[in-house]
Colleague: 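My questions will all concern the structure given below.
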Amino acid sequence: MTVLSQPVAVPEPQVQRRNLVGLTRDEIAGALAGIGVPKGSLRMRTGQIWHWLYFRGARSFAEMTNVSKAMRTQLEAHFSIGRGDIRALQTSADGTRKWLLGFGPGQEVEAVFIPEEDRGALCVSTQVGCTLNCSFCHTGTQAWVRNLDAAEIVTQLLVARDALGEWPSPAGGRMLSNVVVMGMGEPLYNYENVAGALRIFMDPEGIGISRRRITLSTAGVVPMIERVGAELGVGLAISLHAVRDDLRNELVPLNKKYPIAELLQACRNYPGGSNARRITFEYIMLKGVNDSLADAKELVRLIAGIPAKINLIPFNPWPGAPYECSDGDTIAAFAEVVNRAGYSSPVRTPRGRDIMAACGQLRSASVKQRASERAASL
Ligand code: SAH
């Protein structure tokens, strides 16, 4: 592991200026009207700002050279577009990068970039902490803090694009080609902010990532699933992890509210569902818990009729975790049952384990580090 930069503290501005990042075009226009921009030029000004923010990746108003100097000074006085506080960046031996972003005292989230050869996915967080308490997930063992707002979700992508040098928005050949909403938090418990951020990601005049390259993962907030399909049209992933309600109640306690049958019914109704747009079922492999051949067969029976792919996730351990990862042979045998039934069943290669950036490991290290810093200062 290489720590590329030590925590950098960017001082908060003295005056609380409104952040324009994360706003819709209408909201930007409203904010501009609020500082006296004439009605007749609101649309044009909004378009310019949008272009600078999301197509060119401007980090200051001074860069917006087609906006008059007087206007730039006025914008600077009232608004901010900064990246906030990047507290640390770590790079794994496998190239995975993890940013620790601070959004207020004690409020930190992580964003992880997972590169492939000629493309890559950014995994974004949606909440500081999580309320779901899944028994195998380290994030869930940490204190719940709050929902992220749209700006904080969008900022994760801006920071990653800055680091990759992908401004202006490249037409093709992007390293940051995909977004997975699979970081800390349950996105469907923060729907409006997540939807706002995803609309910005998808906007063709800005960041321009197609909805086909975005996947949102949920532990199964059934009433919200239909809206994801109808309003956003992004890919859906379901953290299934068990095929019986008694076990799933234990692993994903949200199951007590929305049991397996209801969850799968919502998947059957998912508007985007078709062979071209398969739903991903994530299934964590826990030794002796959910990894038998009988489990695999039941899984195939349960999802019959749903255009699906099964993503088998080797359990990523964390200190004190009550589980172990299934053996390689067991995972292979499980995958074969699923495969024979006609479903693709890729085994997710753990990425960034050395920097605790793998699934279920987020935020843990930063919390630990703070605890040790506290201990050291006593
Ligand atoms: N709350 C949403 C978004 C988080 S996605 C959801 O549950 O889908 C994070 C993914 O990593 C989920 O599929 C989660 O179940 C999985 N995960 C959590 N802890 C893990 C661990 N220790 N090892 C492997 N995968 C884990």
Side-chain angles (χ1 to χ4, degrees), residues 96 98 109-112 114 121-142 144 147-148 153 156 178-191 193-194 197-198 214-222 224-225 228 234-243 247-248 250-255 257-258 260 263 266-267 279-287 289-291 308-326 331 346-365:
T96 301
K98 182 173 84 169
V109 298
E110 292 176 341
V112 178
I114 308 138
L122 181 73
C123 177
V124 297
S125 293
T126 57
Q127 299 181 316
V128 183
C130 188
T131 55
L132 296 180
N133 288 316
C134 298
S135 58
F136 51 85
C137 180
H138 203 186
T139 308
T141 65
Q142 290 151 10
W144 154 249
N147 280 336
L148 293 183
I153 300 170
Q156 297 172 52
N178 291 58
V179 171
V180 294
V181 186
M182 297 188 183
M184 292 161 54
E186 170 48 51
L188 300 190
Y189 274 167
N190 185 18
Y191 181 78
N193 290 316
V194 169
L198 294 186
I214 297 178
T215 303
L216 180 147
S217 178
T218 177
V221 185
V222 166
M224 300 305 295
I225 288 177
V228 175
V234 298
L236 180 68
I238 301 285
S239 291
L240 189 63
H241 307 319
V243 293
L247 179 60
R248 196 164 189 271
E250 226 175 84
L251 301 182
V252 185
L254 182 66
N255 193 69
K257 207 162 172 188
Y258 307 115
I260 295 173
L263 177 55
C267 292
I279 292 175
T280 302
F281 288 96
E282 298 162 283
Y283 195 96
I284 189 167
M285 299 302 293
L286 302 172
K287 189 176 198 161
V289 174
N290 65 352
D291 61 353
K309 119 173 156 197
I310 316 292
N311 205 334
L312 299 178
I313 315 178
F315 170 65
N316 290 311
W318 37 273
Y323 304 104
E324 281 175 71
C325 183
S326 310
I331 299 179
V347 177
R348 187 182 288 178
T349 317
R351 299 289 301 268
R353 270 186 178 174
D354 56 343
I355 55 168
M356 291 293 274
C359 305
Q361 297 183 314
L362 296 188
R363 186 158 181 256
S364 40

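Atoms within a ligand are numbered from 1 in the order they appear, just like the ligands themselves. Heavy-atom basis, side chains included; hydrogens, waters and symmetry copies ignored.
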Colleague: Would one find an N or O of Phe136, backbone or side chain, under 3.5 Å from an N or O of ligand 1?
Modeller: yes

Colleague: Which of the numbered atoms in ligand 1 are below 4.0 angstrom from a heavy atom of His241?
Modeller: 13 (O), 14 (C), 15 (O)

Colleague: Is the ring pair His138/Trp318 parallel, tilted or perpendicular, if the boundaries are 30 and 60 degrees?
Modeller: parallel

Colleague: Between Ile238 and ligand 1, which part of the residue brings a heavy atom under 4.0 Å of the ligand: side chain, backbone, both or neither?
Modeller: neither

Colleague: Would you say His138 and ligand 1 have an N/O pair spaced under 3.5 Å apart?
Modeller: no

Colleague: Only heavy atoms of Gly185, strictly under 4.0 Å: list the atoms of ligand 1 that pass.
Modeller: 1 (N), 2 (C), 3 (C), 4 (C)

Colleague: Would you check if Asn193 and Thr126 make a side-chain contact, meaning some heavy-atom pair closer than 4.5 Å?
Modeller: no

Colleague: How far apart are the closest heavy atoms of Glu186 and Gln127, and which atoms are they?
Modeller: N-OE1, 2.9 Å

Colleague: Does Pro314 come within less than 4.0 Å of ligand 1, judged by its heavy atoms?
Modeller: yes

Colleague: Say you draw a straight line from CD1 of Ile331 to CZ of Arg348; how long is it, rounded to the nearest 0.5 Å?
Modeller: 12.5 Å

Colleague: Judging by distance only, is a nitrogen or oxygen of Arg348 under 3.5 angstrom from one on ligand 1?
Modeller: no

Colleague: What are the atoms of ligand 1, with element, lying closer than 4.0 Å to any heavy atom of Gly183?
Modeller: 4 (C)

Colleague: Measuring from non-hydrogen atoms of Met184 to any atom of ligand 1, is the shortest distance under 4.0 Å?
Modeller: no

Colleague: What heavy-atom pair brings Phe136 and Leu286 nearest, and what distance separates the two atoms?
Modeller: CB-CD2, 4.4 Å

Colleague: At a 4.0 Å threshold, what atoms of ligand 1 neighbour a non-hydrogen atom of Trp318?
Modeller: 22 (N)

Colleague: Distance-only, no hydrogens or angles: does the Asn290 side chain make a donor-acceptor pair with backbone N or O of His241 under 3.5 Å?
Modeller: yes

Colleague: If we set the cut-off at 4.0 Å for heavy atoms, which region of Glu186 has an atom near ligand 1: side chain, backbone, both, or neither?
Modeller: both

Colleague: Supply the atom-to-atom distance Met285 CE to Asp291 CG, rounded to the nearest 0.5 angstrom.
Modeller: 5.0 Å

Colleague: Which atom names give the shortest non-hydrogen contact between Ser217 and Met182, and what distance separates them?
Modeller: CB-CG, 3.6 Å

Colleague: Does any N or O of ligand 1 fall below 3.5 Å from an N or O anywhere on Ile313, backbone included?
Modeller: no

Colleague: Enumerate the atoms of ligand 1 whose separation from the nearest heavy atom of Cys137 is less than 4.0 angstrom.
Modeller: 18 (C), 19 (N)

Colleague: Is Tyr323 in contact with ligand 1, taking contact as a heavy-atom separation below 4.0 Å?
Modeller: no

Colleague: Please give me the minimum heavy-atom distance between Leu216 and Val181, naming the atom from each residue.
Modeller: CA-CB, 3.9 Å

